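Worth saying up front: this structure is predicted, and the values here are computed from it rather than measured. Chain letters run A, B, ... following the sequence lines, proteins first and then strands; every chain starts at 1.
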Amino acid sequence: MALQWSSETFVAELKDLQANAMAVDCLGTQAVLAGKKTLAYVNLENSEEGDDGSNVTRVARQSKWDVNCIQFNPHASHAPLYVTACNTRLDVCQLSDRNGNPVCTLKAHSRIICDVDWSPFDVNVVASCSVDSFTYLWDIREPKKPVHSFQTVAGAYQVKWNKVTNNLFATTHEGDIRIWDPRKGNSPQQYIAAHLSKIHGLDWSPDNQNQFVTASQDGYVKLWDYTNPKKCFGSTDSGAPVRRARYTPFGAGLVTVVVPQLKRGENSLYLWKITKQSDMSPVHTFVGHKDVVLEFQWRKQPEGSRDQQLVTWSRDQSLRIWRIDPNLQRLCGHDGGDSGEVDLTGTSYNSSESTLKDLRDLSLSEPTMEDEMEISVATVTMAQQARSLQQEFSQLNTDIPNITLDQMDPVSRTCRVTGVGGGQKVIMECLFPEAYPNNVSPSFQILTTTLDAAMQSRLLKVLSDTSVKFVRRNNNCLEMCLRQLMSILDSMDDRRSPESEASFTRAPPPIVQATAFNILPMYSLGNFQDSSVPFPRTSGARFSSNGFLVAFGVPAEMKKVSGGAEITPKALSELAAFTQTSWNNTRTNPFSLVFSRSPPTPSSDMSISDFFEKKGRQRSSRHSHSHSLSRRPKRQERYGEKLSSKKQLSVGKVKIYDVEVLVGVNKYLAQHYKMDLDDVEGTCRHNQSAAAAIGRKDLVQTWSIAATMASRKVLPSPVPQMEMPWAMTPCGRPLLKYILDQHGAQFDVQTLAMLCCLFWTPDPPRPRARSQAQVPRSGSKVSLEFTPPNYNPYHTVSSVTGLLKGLRTRHMRMSTFEGGGSQSAYEAEMYDEGHDSAVAKSKRSMSWSDTFDTADDGRSSNGLESQEELEKLQHEDNCKMLDPAVWEQYDRYKLAYAKILYNWRLFNQRALVLKFISTPVPQHKGVEFAVCCHKCGKEMRGPQCSWCKYPALQCSICHIGVRGLANFCLVCGHGGHTVHILEWFKSHSVCPTGCGCNCLKENLFGG
Amino acid sequence: MVSVISSVDTGHEDMIHDAQLDYYGTKLATCSSDRSIKLFDVSSGQQVPIADLRGHEGPVWQLCWAHPMYGSVLASCGYDRKVIIWKETNGSWDKLYEYSNHDSSVNSVCFAPHELGLVLACGSSDGSISVISTTGDGNWDAKKINNAHTIGCNAVSWAPSTSPNALFDQGARQQPAKRFVSGGCDNLVKIWREEDGQWVEDQKLEGHSDWVRDVAWAPSIGLPRNVIATCSQDCRVIIWTNDGTSNHWTSRVLNKFSDVVWHVSWSVTGNILAVSGGDNKVTLWKESVEGQWTCISDVNKGQGQITDQRSSSG
């Protein structure tokens, strides 16, 4: 075995911890060690400083069970979350302030839990497996029960999510492996008999969705492709049981932990390289731990770092961090997109400054890496290159002052930059050739600038010199070039007058294309939890309230991917199945998540659009593919097509149809209908001609009949004994009812309401209705001294609650009312005010009732004792063309029509219709107020006394009659100009008149 | 003579899930999987973009305009479990309120009749329905009906405020009925009624054999009956009617379609029902005087044509 160098930082020796499990968070800042009695949080950030104990926090825990496993959430957005498995229980905790706060507990397993794994695609999903033979998927937002369960005959020992594709995970059961898809229910996708004895570790490949590696008690490490369950495609025998085998995050490597038998032998971690032939060749041994390595994890490195770090925890109770420098990475086939120099001579490992200080514990051995290194350079693939550019873009420090990255496109390998400074502005484009950064420098082109020619050429020279300097060593150069650009622009600052700067504006914010470091949403489409979310509607039609129909849909040239035969799926989760193909394609493109395990990828690409494709697209694209020579253009084409054109195509236009003709109500008629009760017959004739003008023959007929019925000749006589009223004849009320029914069946509310209005007979308000109006509706305990017992409310304040709340800040509870102001047609729209209306508004009297209720006062007070009167009333009822028994029904027609008129903004017509409403006006829930004139003492119904013509309310402060806004105390009745009252109660709490009333206190609702 | 009066190119980057005209038919709101809501002024027959509302973190499923007495107020709901109420003040649109107390995608929002105040019902895939209301002073109150539909609630629709619920109770002016209907993944249609400030299940209508995708309570023109249209994954549209006095609902299958039916919408007088679904087509249905439902036209959005089968409505 090739023993080479390793550099290890000794972090902490935690003798008494007895921890079995260790976890490192996805940001690489914290490690948690879990022992039986204690949990230890180790801050890895300043671990270099050594072992003074300051970076270790211990927290005691109370349990008789060991923590079997612990894992941090792999999503950066939820980095402080971790889950521990202890006996049969999972605890999710949030690490904050070096202490773990429990978030939830997941309990369902009946025996000890062996393994947990957070989903790399869904921040809220955890898988757990147990010897009780169940594997559960949990959603930590619904901790009560698992969202999925999978049962096997044998207990499960490991559960691991696929790192590349969602909805796939593997469990191990002794020597067997099962591959599951949570969408497919409780039956495994694949069954693999992998090892002869127990499998200790399983790890999915970070960049191939089909591959994984297993480590077993039988000493073998095997590489698998689950699509071929019969045979592993690579294996190695390490001679001793292997506890773990995991892929390296760089290149093609493995790290294994071997359990020395009988506690003798090396307690080592081994680094292996997987060759193209799927053979494993040892690369490195990490020597140092004195006992079995219990757990190891890769620590995420700060951006720009070329080293990789491995955090290990061993039974010797020491936590160590190992640096894997770029040279070592390269041995594992890592091309090192942004790594250090390739030193083929193999002599100067320490040449780079940054590695020098890290290699403190350098232990050299036979340097045999020359051959391997050549291989690794040669195996640099196109895909990896694209990836490295993508990586460079994503790791670029975009915070360079005065430099704005407008666009970074790793697919077309271009980048557009705007620089502003020194009163100058430069927009330039950088083109990265395929071979970049391997001794090929990018080309720079100035698109627009305010620089003069000499400066331009100087700038280009500097940039190209800088880039050549870096790419000569196969290093990335973009950031350095940008910094050069900035310094050149800055250097011109002094020479320029400041006023010229003002003419430049900053460029718009950068559009970074789908880099993995974008903050992606937590909510990704198509994960397994979407099984209850209905499949999105992609087409629809909605009537609007005024005769329009809005329709939207998928354009005609698009068709469903699934073909037209089957019906559209039910749930959103099924979308994933349809898009599986396209999703696989995108996976291999440069945007895969190889470098980042931060929040999910499929979401950004997957959308409901994937359910549709352009008709005929398949054939044509296949055609073009067969002609494409290389793989890259094909992928590019597909990707581009999917992202831009396809999504664009899938958005159809929203069409608005005018369907008034179908609806049965007509705006033209609404505008031209007349409503004149003095001449009903003439009105009917007028309406008849209006209907004729738009060719509504059916309505012409209706109106002509109506005109006949309303003729003066058939007007009923006021004396009951004279004759049977017209309304009682078959051509009276029954005919009208028949006409109404006909229009009702056609939903012609317009004609219905018009007829109901015109044949409406002024009806004396019924005593019943009247008495109701007198019941004070106040629900509050405000005393209403000012309201006389049989007062007919004229002035009402419906908005007391709202207004008073506004005054709460002043601790004032005064009712407000407004003097003056005339009624307008718009006020009629206040008719259907909300009872607990959210909008504060003042309510005036009902203008439509004014005309008709004045004449009846005498009768209602006279009483209805005499038989004669009753008879007369009966006769009056009989004279009505509309059956008074169902007047409420007719009112509803009018209300419904009024609503439609409102839609059309025909407020005047609406107010006219509402005049005919005979239903008692709904009572306000607010308080109603009456006022006694301060001059003559008479009660009145308005802001002005009808007797003495004085303003009714007198301001308690200035002693002038109030014409504008007024507030008054509900208890003592004193008040005045709102301005005065507010001013007064700023400093006082008792009534300004000196009546002794503690107005502020008394008017507080609910005490 | 059904005519296209406007064709709006929304500029959405992904599928449109809902499009709604406001109360006066002047503003069009559309929402999409691209997480945005776009508003257009369509009063002139031209499309004039007004606003592009961004605030949802996932696809936006449905929109609903409030009554103009509350100002220009729009509610939206989406996959990100949020309900956002937007309001225009002095020409600029802002979030008025955000409600995020659902545990799964919120699939439907519907404003109550304005007589009830600014009240919004939301149905979510977590199975619950929320009724959100405001007192106008910035305080919002939410009542949640938990487990309204097991697995999930897909649609809500309010009863019209003028709907008759007890005709024999004439005379006394009744409180406007506070009722709404909901449909869900339990294949059920449920009617909810507020009783002493609590929402209780009033009726349970069984008829569909798969998820109910949309429900629509027909507007009332004063006739003594209640009508509800529901559509479902089982490709059927069912019309439920009730005589306004009893608690008995009769059902009639309008039609069985060739694909899933996603949406039902009533015209303003309740005489025409627009049905749309997975086949990307819109059909209009009208009840004849005899009470038979007939398809009066097809809106094929591919061609953008409505083929009117009857020259004029009676």
Side-chain angles (χ1 to χ4, degrees), chain A residues 141 521 523 532-534 536-546 548-554 556 567-568 570 607-609 647 650-651 653-659 661-665 698 744-747 749 802 805 832 834 836-839 888 892-893 895-896 900 905 919-920 922, chain B residues 1-10 12-17 19-21 23 25 30 33 57-58 79-80 105 115 117-118 125 134 136-137 151-152 154 162 170 173 185 211 221-223 233 259-260 262-263 265 267-272 274 276 278 280 282 289 299 301-302 304 313-314:
Chain A
R141 293 163 301 186
Y523 303 108
S532 66
V533 178
R537 300 164 178 152
T538 54
S539 72
R542 296 180 178 251
F543 277 108
S544 93
S545 44
N546 39 15
F548 298 124
L549 177 72
V550 184
F552 61 95
V554 180
I567 67 166
T568 315
K570 176 155 73 176
S607 115
I608 174 70
S609 297
K647 285 202 174 174
S650 64
V651 182
K653 289 192 168 181
V654 177
K655 292 207 165 80
I656 304 174
Y657 296 91
D658 186 347
V659 286
V661 65
L662 301 174
V663 172
V665 287
D698 52 329
Q746 289 166 15
F747 296 86
V749 66
K805 276 192 179 150
D832 7 31
D836 7 53
S837 156
V839 173
E888 182 156 335
R892 287 214 187 92
Y893 295 145
L895 277 175
I900 291 168
R905 301 196 188 218
T919 316
Chain B
M1 291 192 309
V2 172
S3 53
V4 179
I5 58 160
S6 189
S7 179
V8 181
D9 192 357
T10 55
H12 276 297
E13 286 156 20
D14 211 333
M15 287 289 175
I16 298 172
H17 299 306
Q20 299 264 15
L21 276 175
Y23 198 80
T30 59
S33 263
E57 290 161 32
Y79 182 74
D80 60 356
S105 165
E115 291 90 343
L118 194 58
S125 284
T134 180
D137 52 1
I151 308 177
N154 297 336
T162 46
Q170 280 186 3
R173 174 83 187 191
C185 301
W211 290 13
I221 59 159
L223 296 172
Q233 187 76 22
D259 202 344
V260 179
W262 281 332
H263 197 256
S265 176
S267 71
V268 67
T269 53
N271 65 333
I272 297 173
S276 57
N280 206 28
V282 176
V289 181
V299 185
K301 269 162 288 100
S313 65

Worksheet item: Minimum heavy-atom separation for A:Ile656 to A:Phe548, with atom names?
Response: CG2-CB, 4.0 Å
Fill in: Heavy-atom closest contact (A:Ala896 atom, B:Ile221 atom, distance)
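Closest approach of A:Ala896 to B:Ile221, heavy atoms only: CB-CA, 3.5 Å.
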Worksheet item: Any side-chain heavy atom of A:Val665 sitting closer than 4.5 Å to one from A:Phe747?
Response: no
Discussion item. Would you compute the distance between atom CZ of A:Arg537 and atom CD1 of B:Ile16 and round it to the nearest 0.5 angstrom?
Written reply: 14.5 Å
Fill in: Top contributor to chain A contacts, counting heavy-atom pairs under 4.5 Å, from B:Cys185, B:Gly270, B:Ala19
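Most heavy-atom pairs within the cutoff with chain A belong to B:Ala19.
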Worksheet item: Is it the side chain or the backbone of B:Thr10 that comes within 4.5 Å of chain A heavy atoms, both, or neither?
Response: side chain
Item to complete: Using non-hydrogen atoms and a 4.5 Å limit, figure out which bit of B:Ser6 sits close to chain A: side chain, backbone, both or neither.
Response: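 Its backbone and side chain both get close to chain A.
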